[in-house]
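Let me begin by presenting the structure, written as structure tokens, before commenting on it.
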Amino acid sequence: MPEKILLLPGDGIGPEVIDEAARVLDRVGEKFDLDLSVDTALLGGRALDETGSPLPEETLARARMADAILLGAVGGPKWDGVERELRPEKGLLGIRKSLDLFANLRPAILYSQLAGASTLKPEVVADLDILIVRELTGGIYFGEPRGVRTNERGEREGYNTYVYSESEIRRIARVAFEAAQKRGGRLCSVDKSNVLEVTALWKEVVTDMAAGYPDVELSHMLVDNAAMQLVRAPKQFDVIVTGNMFGDILSDAASMLTGSIGMLPSASLNAGNQGMYEPCHGSAPDIAGQGVANPLAAILSAAMMFRYTFNRGDIAECIERAVVATLDRGLRTADIAGEGESAVSTREMGEAVVAAIG
Ligand code: NAD
């Protein structure tokens, strides 16, 4: 049975960076003698233009059939005015929901060659390599009841419900423990257990599970301290696991430690390890169509796909090593080029990575 990969290039620079990631797939397919079936479908603004829906039925059906999805980015000013239900982002959310992609994995890696790109001192961030595992489909973003009501004093009040069931906590913690096993063996669970009952339960459940992972060293941290430690001494972390809202905030903060959005991949997984892999950046309408976008986040997302869906850490490492070798050769797209450094195109960067794979 071939491994089924669905490409969803999307809008703006999405197709440009996914083209390069697809060439990397071709190359590793040959090198490792893989049976890959790679298909492409429409999503986002272009899908809306061509079919009237940002998530056409056919795309959803093919997404369900795929083992892994590699997405570019969706959206752009052309669709800013369309009604909420038809917005390109709805396509993305629709796939996440229908495939139950509850585990969001976001590495923040700062290659030493690019340490100058961070707003933090190079010695604080050089060789940073952390992974934030965020619960993506529960918690306060989805809890019911929610809304705005008028209270007994006649004043409007907004309210949300912060709820996690034990099974929801267990399944995200399992992903995080397993990710820690594949990395440095350290897991930090982030909560606000001193104030919120939900996260006190979170801490209890994660602690209970630790016995099943004797090779992982578990620690706990309150979210306010975690935010502080992320900018003070981020290299103390290996894997962080947390709920939806804390993860939303911490993963954005962590991504900025690296200073280069064009370098950051991500993965969203479900219980069957089916995954959607995508760069953290958006469709970058300001540079779309110019062939200057950095394809490395998309290429590194493909590497994550091999590690987490196909359980081929060796292929993931091969791609990651090729990216490092390309940076070592001094190749830079405009977003990561230092002052006075000349920049290569999206295609040249992609070709260099393919060549480095060997
Ligand atoms: P953005 O990430 O698209 O761009 C922010 C800045 O980073 C821009 O200056 C852009 O040129 C630069 N940039 C981003 N990716 C780059 C790359 N690979 N190489 C070089 N430079 C890169 O964020 P934005 O401008 O806030 O959003 C633009 C559009 O993308 C919006 O329509 C937004 O809704 C959408 N968006 C989509 C996703 C997604 O599909 N997952 C995520 C975020 C934003």
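Counting starts at 1 for both ligands and their atoms, in listed order. FYI, side chains are in, hydrogens and waters are out, and symmetry mates aren't considered; it's all heavy atoms of this structure.
- Panel note: side chain R146, backbone Y141; a donor-acceptor pair is recorded below 3.5 Å.
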Applying side chain to side chain donor-acceptor pair (under 3.5 Å) to E135 and T137, what does each step give before you reach the verdict? CA-CA 6 Å; E135 202 290 327; T137 54; 3.3 Å; yes

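- Remark: R171 is positioned above the aromatic ring of F102, its terminal NZ or CZ atom under 6.0 angstrom from the ring centre and at most 45 degrees off the axis.
- Between F177 and Y213, the angle of the ring planes stays under 30°, which puts this pair in the parallel group of the 30/60° scheme.
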Taking a 3.5 Å cut-off between nitrogen or oxygen atoms, can you list every pair linking ligand 1 to the protein, with distances?
residue	atom	partner	partner atom	Å
ligand 1	2 (O)	G282	N	2.7
ligand 1	3 (O)	G282	N	3.4
ligand 1	3 (O)	S283	N	3.3
ligand 1	3 (O)	A284	N	2.8
ligand 1	9 (O)	D286	OD2	2.8
ligand 1	11 (O)	D286	OD1	2.8
ligand 1	11 (O)	D286	OD2	3.0
ligand 1	18 (N)	H281	NE2	3.2
ligand 1	18 (N)	N294	O	3.0
ligand 1	19 (N)	N294	N	2.9
ligand 1	30 (O)	S283	N	3.0
ligand 1	30 (O)	S283	OG	3.1
ligand 1	32 (O)	G76	N	3.0
ligand 1	34 (O)	E89	OE2	3.0
ligand 1	40 (O)	V74	N	2.8
ligand 1	41 (N)	E278	OE1	3.4

Please tabulate, for the side chains in residues 287-297, all donor-acceptor contacts under 3.5 angstrom to protein atoms that are two or more places apart in sequence or on a different chain.
residue	atom	partner	partner atom	Å
Q290	NE2	D286	O	3.3
N294	OD1	L296	N	2.9
N294	ND2	G262	O	3.4
N294	ND2	T333	OG1	3.4
N294	ND2	D335	OD2	3.1

Would T207 and E204 satisfy side chain to side chain donor-acceptor pair (under 3.5 Å), going step by step from the backbone distance to the final call? CA-CA 5 Å; T207 305; E204 194 184 311; over 6 Å; no

